[in-house]
Amino acid sequence: MSHQTQYNAYRKTYPEFVYDSYRYDVQSDGLHIVFTFRIGSDIVFSPSAFIPSRRFLHFPEHTPQMDTLVFNIGMIELISYWKCVCPPVIKVLCGFLDNTQKAFWKKIYFNGLGEFFYINGIQSTINDFVEIIAPQPSASNAQTEIPPAPQANNYLVPIGGGKDSVVTLELLQQATAPTQRPVPLIMNPRGATVGCIQAAGYTMDDVLEIHRTIHPRLLELNSQGCLNGHTPFSAMLAFYTLLASHLSGIPNIALSNESSANESTVVGTSVNHQYSKSLEFENDFRSYTSQYISPIYNYFSYLRPLSELQIAMLFSRLPQYHPVFRSCNAGSKQDIWCGKCAKCLFAYIILSPFIEPRKLNAIFGKDLLNDPSLEPFFLQLIGHADTKPFECVGTVSEVNSALSMAISRWYADQRPLLLQSYQASPATTPLKTLLSQHNLSEKETAILLQHVQAATA
């Protein structure tokens, strides 16, 4: 059975997905959240989240703002469960949505599932893939804004364990007073995320942790052959960061999504593995948050004016992180670079102009440019294929610029295997200037430009 046939059959068998309820309560160890979703009467999902207590967090009891924040987290959590059988209707029973909000959520779902539809060969459109049914808000159920309590800290910085977020953390930490240093935010801590914050001089007591669980019923359905695939993780993280901002009283949420996230993964289409890291999503999210949650929250990407190549340049100047950072999804549970995937190869390539081969090989465990098994990924990364890898990787231009720079700097005499027939051309990705489309303040932009200019001096 094709996935398109399976998709059509599921939608007839399971006509409705229900967002039934959410609940949260403060216990001695922190904030506990549980959502309830169901498909028919037999399939019930109850995913949960937990935010441990910290000295800098304030856990309010039930308030309108808390209700709004948790409800919206449920709206993004549900898409991971909806996709297993893709019901044509999402019915919301525990909150209110006007038509503009419904359009916002449909756009997130459809674009965030672009890779899911593409990989599974499912044909659909944003108009007909799902209908969202929810009661309309009225003046009597409008939410009252409750601002977060003020704190000395200026920024929340989500840390993923890769090079990008530690560049944001380090630059903001250098730009603020010790009493106002950024607070790292980690979802489901692992080896690389813990290693990076320790290298930055933090302990886990300084970190805002979010522990999120996937309900086992979904994993069971996946093992039975239900539809599965990529969902917009960064959009889910975005809504959790709003809750984190409210609990900490820190209004500025500094992400680390670079300009290359805007480039589509499949040539000639809008299918983008990194859609929820794109500027389009960021702007939509900021607008939605300001109108429907609170204008207090300032969600933006600090690295948006930069290319991947510029971020790699800045990261190369932070050697304390080189032994501990990891960007490999395949090796994340073992806290290793697997050395076999497109993400490992991309990270190796983008750092190659700035870190000599001997040191790069020590970081990654081998010379990835001498591994013939990586050639298919190499061809995708340099633009000799219809798609880029379905990973968070830079643009084709950035990859080719990095390789051209590395060849002229390190490989003048003897090229590694993957570069032996590569036709290098002059680098086209600028290193000294910033892109103009972003949501940084003038002060934040000036700090970023100062670091770029220092690195290229």
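For this chain, numbers begin at 1 and follow the sequence in order. None of the values given here were measured: they were computed from a predicted structure.
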K.L.:
Determine, step by step, whether Ser48 and Thr213 satisfy the side chain to side chain donor-acceptor pair (under 3.5 Å) criterion, reporting the C-alpha distance in whole Å, the side-chain angles of both residues, the deciding distance to 0.1 Å, and the verdict.
P.N.:
CA-CA 6 Å; Ser48 62; Thr213 62; 2.7 Å; yes
K.L.:
Kindly write out the residues that satisfy side chain to side chain contact (heavy atoms under 4.5 Å, CB included) with Pro135, not counting sequence neighbours, or none if the list is empty.
P.N.:
Phe96
K.L.:
Should Gln101 and Met75 count as side-chain neighbours, where that means a heavy-atom distance under 4.5 Å?
P.N.:
no
K.L.:
Considering only heavy atoms from C-beta outward, does the side chain of Phe346 approach that of Lys388 to under 4.5 Å?
P.N.:
no
K.L.:
In this structure, are over 12 heavy atoms from other groups packed under 6.0 Å from Glu16 atom CD?
P.N.:
yes
K.L.:
A side-chain contact here means heavy atoms from C-beta on lying under 4.5 Å apart; do Trp337 and Cys344 qualify?
P.N.:
yes
K.L.:
Decide if the gap between the ring center of Tyr19 and the ring center of Phe71 is smaller than 6.0 angstrom.
P.N.:
yes
K.L.:
Starting from the C-alpha separation in whole Å, work towards a yes-or-no answer on side-chain contact (heavy atoms from CB on, under 4.5 Å) for Leu306 and Leu434.
P.N.:
CA-CA 6 Å; Leu306 301 183; Leu434 304 183; 3.3 Å; yes
K.L.:
If you measure only the distance, is there a donor-acceptor pair under 3.5 Å linking the side chains of Thr203 and Asp206?
P.N.:
yes
K.L.:
So His273 and Val393, do their side chains get closer than 4.5 Å, heavy atoms only?
P.N.:
no
K.L.:
Do Phe117 and Val271 have side chains that approach each other closer than 4.5 Å (heavy atoms only, starting at C-beta)?
P.N.:
no
K.L.:
Could you check whether any side-chain N or O of Gln174 sits under 3.5 Å from a backbone N or O of Leu171, counting only pairs where one atom can act as donor and the other as acceptor?
P.N.:
no
K.L.:
Can you see whether Ser441 engages Glu444 through a side-chain donor-acceptor pair at a distance of less than 3.5 angstrom?
P.N.:
yes
K.L.:
Are the aromatic ring centres of His438 and Tyr302 under 6.0 angstrom apart?
P.N.:
no
K.L.:
Using 4.0 Å as the upper bound for N to carboxylate O, is an ion pair formed by Glu391 and Lys343?
P.N.:
no
K.L.:
Using a 6.0 Å cut-off, check whether atom CG of Asp128 has over 12 heavy atoms from anything other than its own residue.
P.N.:
yes
K.L.:
At what distance, to the nearest 0.5 angstrom, does CG of Asn72 lie from CG of Leu242?
P.N.:
8.0 Å
K.L.:
How far does OG1 of Thr231 sit from CD1 of Ile79, to the nearest 0.5 angstrom?
P.N.:
8.5 Å
K.L.:
In terms of side-chain heavy atoms, does Thr269 have a donor or acceptor partner in Ser264 at a distance below 3.5 Å?
P.N.:
no
K.L.:
List the atom of Ala455, the atom of Arg317, and the distance in Å for their closest heavy-atom pair.
P.N.:
CA-NH1, 3.5 Å
K.L.:
Report the relative orientation of the aromatic rings in Phe45 and Tyr81; use parallel for angles under 30°, tilted for 30 to 60°, perpendicular for over 60°.
P.N.:
tilted
K.L.:
Please confirm whether the backbone N or O of Lys432 pairs with a side-chain atom of Thr456, one donor and one acceptor, at under 3.5 Å?
P.N.:
no
K.L.:
Are there more than 12 heavy atoms of other residues, nucleotides or ligands under 6.0 Å from atom NZ of Lys106?
P.N.:
yes
K.L.:
Short question: side chain of Asn298, backbone of Pro251 - any donor-acceptor pair under 3.5 Å?
P.N.:
no
K.L.:
As a quick check of understanding, evaluate side chain to side chain donor-acceptor pair (under 3.5 Å) for Asn257 and Glu282, giving each step before the final call.
P.N.:
CA-CA 10 Å; Asn257 304 322; Glu282 180 180 314; 5.3 Å; no
K.L.:
What distance do Thr168 atom OG1 and Leu172 atom CG have between them, rounded to the nearest 0.5 Å?
P.N.:
6.5 Å
K.L.:
Go through it in stages, so that I can follow the logic: the residues are His246 and Tyr297, the test is side-chain contact (heavy atoms from CB on, under 4.5 Å), and I'd like the CA-CA distance, side-chain angles, deciding distance and then a yes or no.
P.N.:
CA-CA 8 Å; His246 182 69; Tyr297 305 110; 3.3 Å; yes
K.L.:
Of all the heavy-atom pairs spanning Arg190 and Ser332, show the shortest one and how long it is.
P.N.:
NH1-CB, 3.9 Å
K.L.:
Using a cut-off of 6.0 Å, state whether more than 12 heavy atoms not belonging to Gln224 lie near its atom CD.
P.N.:
yes
K.L.:
Is the backbone of Glu220 close enough, under 3.5 Å, to the side chain of Ser223 for a donor and an acceptor to pair up by distance?
P.N.:
yes
K.L.:
Kindly say whether Phe129 contributes a backbone atom to a donor-acceptor pair with the side chain of Arg11 at under 3.5 angstrom?
P.N.:
yes
K.L.:
Going by heavy atoms in the side chains, are Leu156 and Val183 under 4.5 Å from each other?
P.N.:
yes
K.L.:
Quick check: does any side chain N or O of Gln310 sit under 3.5 Å from a backbone N or O of Leu431, one acting as donor and the other as acceptor?
P.N.:
yes
K.L.:
Taking all non-hydrogen atoms of both residues into account, name the closest pair between Tyr202 and Pro182 and its distance.
P.N.:
OH-O, 2.7 Å
K.L.:
What distance do Ile76 atom CD1 and Ser276 atom OG have between them, rounded to the nearest 0.5 Å?
P.N.:
7.5 Å
K.L.:
Return the minimal non-hydrogen interatomic distance between Arg212 and Ser80, and the atom names on each side.
P.N.:
NH2-OG, 4.1 Å
K.L.:
Has Tyr14 got more than 12 heavy atoms of other residues, nucleotides or ligands less than 6.0 Å from its OH?
P.N.:
no
K.L.:
Quick one: closest heavy-atom pair of Tyr7 and Ser124, and the distance?
P.N.:
OH-OG, 3.5 Å
K.L.:
Any ion pair linking Lys163 and Glu308 (charged N to carboxylate O, less than 4.0 Å)?
P.N.:
yes
K.L.:
Does His62 use its side chain to pair, donor to acceptor, with the backbone of Tyr24 at less than 3.5 Å?
P.N.:
yes
K.L.:
Is there a donor-acceptor contact under 3.5 Å from the side chain of Ser316 to the main chain of Met313?
P.N.:
yes
K.L.:
Search all heavy atoms of Gln274 against all heavy atoms of Glu258 and return the closest pair with its distance.
P.N.:
OE1-OE2, 3.8 Å
K.L.:
About how many Å separate CE of Met66 and CD1 of Ile33, when rounded to the nearest 0.5 Å?
P.N.:
6.5 Å
K.L.:
Give a yes or no on this: more than 12 heavy atoms of other residues, nucleotides or ligands lie within 6.0 Å of atom NZ of Lys102.
P.N.:
yes
K.L.:
Short question: side chain of Gln6, backbone of Gly225 - any donor-acceptor pair under 3.5 Å?
P.N.:
yes
K.L.:
Do Pro87 and Trp82 come within less than 4.5 Å of each other through their side chains, counting heavy atoms only?
P.N.:
yes
K.L.:
So, Ser245 side chain and Thr241 main chain: donor-acceptor pair closer than 3.5 Å or not?
P.N.:
no
K.L.:
Does the ring centre of Phe315 sit less than 6.0 Å away from the ring centre of Phe325?
P.N.:
yes
K.L.:
Verify the ring-centre separation between His230 and Phe116: is it less than 6.0 angstrom?
P.N.:
no
K.L.:
Would you give the length of the straight line joining atom CG of Leu78 to atom CZ of Arg38, rounded to the nearest 0.5 angstrom?
P.N.:
13.5 Å
K.L.:
Applying the ring-ring contact (aromatic ring centres under 6.0 Å, His included) criterion to Tyr299, which one of Tyr155, Phe285, Tyr288 satisfies it?
P.N.:
Phe285
K.L.:
Is there a side-chain contact between Tyr348 and Ile363, using heavy atoms and a 4.5 Å cut-off?
P.N.:
no
